[in-house]
Amino acid sequence: MDRTGIVLVKTGDTFPDIRETLQDFEHWITRGLGGDPRQIDVVNAPALDPLPGAAVIAGVVIAGSHAMVTQNLDWSLRVEKWLAPVVGAGIPVLGICYGHQLLAKAMGGLVDFHPQGLEIGTAAIHLTHAATADPLFHDLPAVITAHTCHSQTVLRLPEGAVCLAENSHDPHHAFRLGRAAWGVQFHPEYSRAVMAGYIDNMVPVITALGKDADQLRRSVTDTPEALKILERFAGLCLA
């Protein structure tokens with residue numbers, strides 16, 4: 001059976017004001033993958049949309065969410081159970097933020113709240129030596145910028161996983177498991193406007209943590225290197 005396209009698993013919605021002006025996770029990821037909706041099948045996991053069998057999937061992207069992986073919500077456990085055989089079948093998988101954590105958990109890693117709390121804003125991400133030969137990360141600068149927004153993290157990678165990126169906040173900002181499954185804690189799909197919108201929506205949380213929301217907002221930049229990871233993933237799936 002021919003593989004049809006990339007399955008984009010939607011795991012929640014963005015803030016209402018961001019959605020009204022800038023759309024939502026599935027739109028940003030679709031644009032990052034190349035922008036052709038005909039090649040993207042959006043599956044709304046919280047709405048319990050059917051999850052397709054591996055035989056008809058060219059690739060999978062698990063999107064971000066405002067939920068927490070450790071809540072073990074029914075829809076999330078359903079996606080987690082579905083993911084393991086998809087990875088085992090060698091189907092390319094890319095987990096983003098929540099999806100990064102869910103992929104790690106599905107494959108035996110440990111996910112929980114980050115001991116240092118929230119990471120938010122445009123951050124410097126350092127690539128490891130292993131990234132130099134990776135299909136998604138090769139030829140990128142040793143330090144890239146990427147947008148971040150997460151309170152939970154992968155505390156322990158799955159057995160056999162290779163760490164591809166890290167920074168002073170998180171030692172597991174990206175990993176690869178096997179030849180074709182990746183998780184990225186950062187958001188390659190976010191634009192500057194989306195990142196700024198998240199900071200604006202989370203000012204009380206940011207302030208309560210002793211961080212300067214205005215400074216974070218001024219530090220938001222474009223992240224073309226991170227976006228390239230999405231482009232490369234689409235090329236890998238649809239070649």
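Side-chain atoms are counted along with the backbone in the values below, which use heavy atoms only and exclude waters and symmetry mates.
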Nearest heavy atoms of [X] and [Y], plus distance in Å:
{"X": "Ile29", "Y": "Ala63", "result": "CD1-CB, 3.6 Å"}
{"X": "Ile6", "Y": "Ala234", "result": "CD1-CA, 4.1 Å"}
{"X": "Ser219", "Y": "Thr122", "result": "O-CB, 3.8 Å"}
{"X": "Val143", "Y": "Ala124", "result": "CG1-CB, 4.0 Å"}
{"X": "Ile144", "Y": "Glu225", "result": "CG2-CB, 3.7 Å"}
{"X": "Gly90", "Y": "Ala180", "result": "O-CB, 3.9 Å"}

Is there side-chain contact between [X] and [Y], with at least one heavy-atom pair below 4.5 Å?
{"X": "Phe233", "Y": "Pro188", "result": "no"}
{"X": "Arg78", "Y": "Leu48", "result": "yes"}
{"X": "Leu155", "Y": "Pro115", "result": "yes"}
{"X": "Leu230", "Y": "Leu94", "result": "yes"}
{"X": "Gln185", "Y": "Gln101", "result": "yes"}

What's the spacing between [X] [atom1] and [Y] [atom2] if we round to 0.5 Å?
{"X": "His150", "Y": "His100", "atom1": "NE2", "atom2": "NE2", "value": "8.0 Å"}
{"X": "Ile40", "Y": "His27", "atom1": "CD1", "atom2": "NE2", "value": "12.0 Å"}
{"X": "Gln23", "Y": "Ser191", "atom1": "CD", "atom2": "OG", "value": "10.5 Å"}
{"X": "Ser76", "Y": "Lys81", "atom1": "OG", "atom2": "NZ", "value": "14.0 Å"}
{"X": "Leu33", "Y": "Ile229", "atom1": "CG", "atom2": "CD1", "value": "12.0 Å"}

Is there a path of hydrophobic side-chain contacts, each under 4.5 Å between heavy atoms of I, L, V, M, F, W or Y residues, that connects [X] with [Y]?
{"X": "Val79", "Y": "Leu73", "value": "yes"}
{"X": "Leu157", "Y": "Val93", "value": "yes"}
{"X": "Ile57", "Y": "Leu177", "value": "yes"}
{"X": "Leu83", "Y": "Val7", "value": "yes"}
{"X": "Val60", "Y": "Val43", "value": "yes"}

Which pairs would a plain distance check flag for residues 133-141, meaning a side-chain donor or acceptor within less than 3.5 Å of a matching protein atom at least two apart in sequence or in another chain?
| residue | atom | partner | partner atom | Å |
| --- | --- | --- | --- | --- |
| Asp134 | OD1 | Arg176 | NH1 | 2.6 |
| Asp134 | OD1 | Trp182 | NE1 | 3.0 |
| Asp134 | OD2 | Leu136 | N | 2.9 |
| Asp134 | OD2 | Phe137 | N | 3.2 |
| Asp134 | OD2 | Trp182 | NE1 | 3.1 |

Which residues pass the side chain to side chain contact (heavy atoms under 4.5 Å, CB included) test with [X], not counting sequence neighbours?
{"X": "Ala130", "value": "Thr128, Val162, Leu164"}
{"X": "Ala47", "value": "Asn44, Asp49"}
{"X": "Ala146", "value": "Ile125, Phe186, Ala226"}

Check your understanding: More than 12 foreign heavy atoms under 6.0 Å from CG of Asp74: is that the case here?
Key ->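 Check fails, neighbour count at 12 or below.
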
Exercise for review: Establish, from distance only, whether the side-chain atoms of His187 and Glu189 form a donor-acceptor pair under 3.5 Å.
Suggested key: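 Glu189 and His187 do have a side-chain donor-acceptor pair below 3.5 Å.
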
Check your understanding: Can you find a side-chain donor-acceptor pair between Thr70 and Gln152 that sits under 3.5 Å?
Key ->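 Result is yes, a qualifying pair exists.
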
Practice item. Quick one: name the residues clustered hydrophobically with Leu22, using the 4.5 Å side-chain heavy-atom rule over I, L, V, M, F, W, Y, and just say none if it's on its own. Key: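 Same cluster as Leu22: Phe15, Ile18, Phe25, Trp28, Leu118, Ile120, Tyr190, Val194, Met195, Tyr198, Ile199, Met202, Val205, Ile206, Leu209, Leu216, Val220.
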
Is the backbone of [Y] close enough, under 3.5 Å, to the side chain of [X] for a donor and an acceptor to pair up by distance?
{"X": "Thr11", "Y": "Gly64", "value": "yes"}
{"X": "Asp212", "Y": "Asp214", "value": "yes"}
{"X": "Asn167", "Y": "His169", "value": "yes"}
{"X": "Thr132", "Y": "His129", "value": "yes"}

Practice item. With sequence neighbours excluded, give me every salt bridge (Lys or Arg N to Asp or Glu O under 4.0 Å) pair touching residues 104-124. Key: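 Only Glu80-Lys105 qualify under salt bridge (Lys or Arg N to Asp or Glu O under 4.0 Å).
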
Practice item. Walk me through it: do Val87 and Leu103 pass the test side chain to side chain contact (heavy atoms under 4.5 Å, CB included)? Key: CA-CA 9 Å; Val87 173; Leu103 173 63; 3.8 Å; yes

